[in-house]
Every structure is written in structure tokens, then in C-alpha cells.
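Shown next, in C-alpha cells, is the structure this report addresses.
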Amino acid sequence: MSGLAPYLSPEALASRTESVAARLGAELVVYGDSVQGRPLRAIRIRGPGSSRPRILCSANIHGPEFIGGLTALALAESVARGDWQPQAELWVIPCLNPDGYVQTWARGGEGPLSTLRTNANGVDLNRNFPRPADSPSWLPGAGSTRPGDATYRGAHPLSEPETAQLDALLAQQKFSASANLHSFMGTVIPASVRDRASFSAYKGLASALAAGQRHTRYRRLSARVLDVYTGEQEDHQHHVHRTWAVCVESFPLWASYRQHRRAPSTFWRFNPRDPQHWIDNDVPGLHAYFEHALALDRPPARSPGRR
Ligand SMILES: [Zn+2]
């Protein structure tokens, strides 16, 4: 028994992904390969009818955030159980960063964030998306230019196979909405937008998500006055691919601290000992978020470089 139980080994994650897809009669799409050659996999749940809008739930872009992958798979299972029948084609990517996942597992969840969080090239994949040319790089959270830092943003935008191939998938599938699962914080962080209409749409989306959550509502974090682009997935999805996109940070700070005043390892700061408690909370919130998003038109076309 691994010290990271009840979380899944990389092999168990792969076979659980396969079995969930099989149960749904869904397609298992390999949209690329990681730096170390591991398949980047998505479950594609088409549902009845044709030409349905597409929605995406992705997770684990950061190595140690295993709770996100489990929640994403639970979302797919909720469809298999008939708890949710989205009027859309649902794509689920349980692990955007398989090399980071393997690294975290191999080290028993111990080690510096810079090692566990990044891909095999040491790049923070969630700082590797393009930023507009006029966005100053020193903004907080914009990522580091120094290899070895936990937020190292890589040689250039989309320099990594994991992000470049995700970008190709996003361009091809034109998702209406996306929820990208992280931990920990207990917050919902929408794409950074300045136009009033998008800002208020995100307010509604975050409220819908929170209202759907079973026992703990996550708060929205955003500020319209700051046009902060940090090379994150949500900003890229919103501004380039016209997708409503939020980052959901599961597992609130207080719950992480309550679990361990001093976590025994990096891993146990990010992941609840009882994942099911947070999965049960978050999956209905994701249902509500996607339902709300599907009632909206997609975000307006706008280049991230223009204001
Ligand atoms: Zn994260």
C-alpha cells in the first residue's frame, strides 16, 4: 500500500480512465504525448444526437494536484450513473501532465514544488500559454524566467508538448466551456477579462458553481481593474479559443490546515485525506457551472493583444 492512498498510482489512473470510458461507451482520445512519451488522454462522451456543443473538464496540469483528476473522473462517472445528462459532448482530461503525476508518485509526494509541479522539462505548464505582447512580465503570478523555479514558464509560449498539443485540441474542438481543476484553495478563478459583459458572465458562472456545491461553496477570485495575463490556461481558452473557462481550486485552505497543521509532505498540503468528501461537494457544482455556461453564447472574438 502506497503512502499516497487512497490516491491512484499512474497505472491505476490509466486503467480507471479506460474503465470509465468503457462504461460510458465513450471514445478514449490520445491527443498527444508528454515529454517522456506518455499518452495525453481524453475521454470523449458524445451523447445522443449530432452537432452538440462541446464542454471540457481538465485536471492535474500541476503534478501533485491528484484530487483534480479524481474529481474529473467522478464527473464522467456521474454521467455514466445517469446523475447528469448534459446537453453537450463532454470531454474529460483527468491528467494534463502525466510526467508530473509519475514524478509525484515516484517520490511519494515528497520534494520541492518545483520538481513535483512541473513537466519533465521543469516547466510550469500553467505558465506556458501565450501572453499578449503588452502584458508586462513582472506582474505577480506571471511566471518565472529562471529554470528551476516552481513557476518557470519555459523557453517560449507553448514550448512544451503538453501545452502545444492541448492547444491544438482546443483549436479543433472549439469548446463552449471549460473547468480546469486544481488544488488547494477552495476558490474559483475565472479567465482574466476586462469587458463588462464577460466579467458579469463569469460572476454568474461562479455563483452557479457555488450554488451547486453540496456543503462548501468556493469563492470567486477576480478583479476587473487588473488586466493580468500570466500565461494560464483559462486566459488562453477565453481570449483565443472563445471558451468560458474557470480554474477551480478544490480543497479550501482551512481544510488543508485542519488536516495537518504541518503537512508531512507537499502532497498532503494539496490533497484531502478523504477525497470523496470533496468530490461529493464539487461534482454537483461542476454540473451547475456547465449548465449555466451552455445557456450562454460563447465569449466574443478578441485577440489577447488588443484592448
Ligand atoms: Zn494548480
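What you see is a predicted model, and the numbers here were worked out from it, not measured in a lab. Both counts, for ligands and for their atoms, begin at 1 and track the order of listing.
The stretch residues 39-83 participates, sequence neighbours left out, in these ring-ring contact (aromatic ring centres under 6.0 Å, His included) pairs: His62-His182, Phe66-Tyr101, Phe66-Phe267. Note on residues 94-115: pairs passing salt bridge (Lys or Arg N to Asp or Glu O under 4.0 Å), not counting sequence neighbours, are Arg38-Asp99.
Hydrophobic clustering (side-chain heavy atoms under 4.5 Å, transitive across Ile, Leu, Val, Met, Phe, Trp, Tyr) keeps Leu40 apart from Ile45.
Shown here are the protein N/O/S atoms lying under 2.8 Å from the Zn ion (ligand 1), water excluded: His62 ND1, Glu65 OE1, Glu65 OE2, His182 ND1.
Ring centroids of Phe175 and Trp244 are separated by 6.0 Å or more, keeping the two rings apart.
Listed by chain and residue number, nothing satisfies the side-chain hydrogen bond (donor to acceptor under 3.5 Å, both in side chains) test with Asn97 (two or more places apart in sequence, or in another chain).
Residue Glu18 places its CD atom among more than 12 non-hydrogen atoms of other residues, nucleotides or ligands, all under 6.0 Å distant.
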